[in-house]
Number of protein chains: 2
Amino acid sequence: MIQTDLDLKVKFLRAFGDKTRVQILECIKYEEKTVSQIVESIEGNQSNISQHLACLRGCGIIVGRPEGKYVYYGLRNQQIKELLDTFDNVLNQIEDNVACCDNHIS
Amino acid sequence: MIQTDLDLKVKFLRAFGDKTRVQILECIKYEEKTVSQIVESIEGNQSNISQHLACLRGCGIIVGRPEGKYVYYGLRNQQIKELLDTFDNVLNQIEDNVACCDNHIS
DNA sequence: TTATCATATTAGCAACAGCTAATATGTGTG
DNA sequence: CACACATATTAGCTGTTGCTAATATGATAA
């Protein structure tokens with residue numbers, strides 16, 4: 001199965017559209033954390049978090065740095081950090097409109 | 001049901017994570033189009049496109065401007081346009097890494 | 001008014017994404 | 001080595017998302 005540019009783009013963008021993954025990103029936005037720290041921080045389940053980390057890593061959004069028996073996860077680079085900041089900025093501006101989206105295709 | 005800031009953010013971001021919606025956004029990125037023009041342009045089905053437009057509109061990403069029996073859809077503002085450009089820029093930089101994400105949580 | 005065109009909405013279904021529980025891998029420590 | 005800890009992977013289930021088909025609404029034109 002070949003991946004078009006469009007499919008790649010969608011896969012990348014979809015990675016941001018999940019509550020747990022957004023929480024993970026906010027959690028490691030300023031400093032890298034181990035898996036267990038992330039699990040504790042967002043009160044998730046280890047298996048679940050691990051799967052989401054794999055997704056984010058696979059999409060090039062975060063990187064894992066093994067150190068001993070731990071793996072430290074952090075944003076891939078400054079550009080991702082800026083993208084996250086941009087999300088927040090844009091959101092602040094249109095926050096009122098989003099609230100009224102009740103279509104089930106959301 | 002109350003919507004937290006986090007839920008709002010996720011809803012907003014999720015709107016970008018769908019193939020049809022990405023196509024719609026690319027289609028109206030530079031100029032507004034009617035629903036039928038969009039349907040024809042991305043070879044979609046009218047009902048389906050209409051639902052996706054409702055989603056994007058409800059999330060504050062696009063706006064619809066009725067004119068006679070047509071409705072012209074365009075990006076909500078310049079900030080959204082810039083966000084779309086940013087997506088493309090970030091993607092170009094990490095394109096190679098995204099290709100190898102095969103986790104089913106994607 | 002009736003007919004036609006453009007768009008929106010609804011219902012039902014099929015596919016997929018994400019969750020939990022269990023297990024596997026891998027690393028350090030006694 | 002055996003054990004404990006940290007993380008990753010797998011399988012199966014459940015809920016959600018997006019699709020199609022049908023119908024409704026709304027606007028213009030004959």
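The chains referred to below are lettered A, B, ... by the order of the sequence lines, with proteins before strands, and numbering in each begins at 1.
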*asked:* I need the CG-P distance between A:Asp18 and C:dC16, as an integer number of Å.
replied: 18 Å

*Roughly, in whole Å, what's the span from CZ in B:Arg65 to C1' in C:dT7?*
15 Å

*Rounded interatomic separation in angstrom, taking OH from A:Tyr73 and C1' from D:dT7*: 8 Å

*Report, as a single string ordered 5' to 3', how protein heavy atoms within less than 4.0 Å touch nucleotides 21-30 of chain C: B base, S sugar-phosphate only, - not at all.*
BB----SS--

_Separation of C:dG18 P from A:Lys11 NZ (nearest whole Å)_ = 13 Å

*State which residues pass side-chain contact (heavy atoms from CB on, under 4.5 Å) with A:Thr86; sequence neighbours excluded, sorted by chain then number.*
A:Val90, B:Leu83

*Partner residues of B:Glu67 under the salt bridge (charged side-chain N to carboxylate O under 4.0 Å, His left out) criterion, sequence neighbours left out*: B:Arg65

*Quick one: hydrophobic cluster around A:Tyr72, which other residues, with the 4.5 Å side-chain cut-off, linked directly or via members?*
A:Tyr70

*Identify, with sequence neighbours excluded, every residue that meets salt bridge (charged side-chain N to carboxylate O under 4.0 Å, His left out) alongside A:Lys19.*
B:Asp7

*Nearest whole angstrom, please: distance from the P of D:dA8 to the CD1 of A:Ile24.*
11 Å

*B:Glu40 atom CD: more than 12 heavy-atom contacts under 6.0 Å*: no

*For the pair made of CD1 in A:Ile49 and C1' in D:dT7, what is the distance, rounded to whole Å?*
12 Å

*In whole Å, what is the span from the OH atom of B:Tyr70 to the P atom of C:dA8?*
14 Å

*Just jot down the salt bridge (charged side-chain N to carboxylate O under 4.0 Å, His left out) partners of A:Glu26, sequence neighbours excluded, or say none.*
B:Lys9

*Is any side-chain N or O of B:Thr20 closer than 4.0 Å to OP1 or OP2 of D:dC19?*
yes

*asked:* Does anything in residues 29-41 of chain B come within less than 4.0 Å of DNA chain D? Heavy atoms only, and list the residues if so.
replied: none

*Has B:Tyr72 got a side-chain N or O lying under 4.0 Å from the OP1 or OP2 atom of C:dT7?*
no

*Any residue meeting salt bridge (charged side-chain N to carboxylate O under 4.0 Å, His left out) with B:Lys29, in chain and number order, not counting sequence neighbours*: B:Asp85, B:Asp88

*Does the side chain of B:His52 get closer than 4.0 angstrom to OP1 or OP2 of D:dC19 through an N or O atom?*
yes

*Can you check the B:Ile42 CD1 to D:dG18 P distance for me, whole Å?*
14 Å

*asked:* Tell me the closest heavy-atom pair linking A:Val63 and A:Leu75, and the distance in Å.
replied: CG2-O, 4.0 Å

*With sequence neighbours left out, write down each residue that passes side chain to side chain donor-acceptor pair (under 3.5 Å) with B:Ser47, or none if nothing qualifies.*
B:Gln51

*Any side-chain N or O of B:Arg14 under 4.0 Å from OP1/OP2 of C:dA17?*
no

_Can you tell me which nucleotide in D:dA6, C:dA8, C:dG18 comes closest to the side chain of B:Val71?_
C:dA8

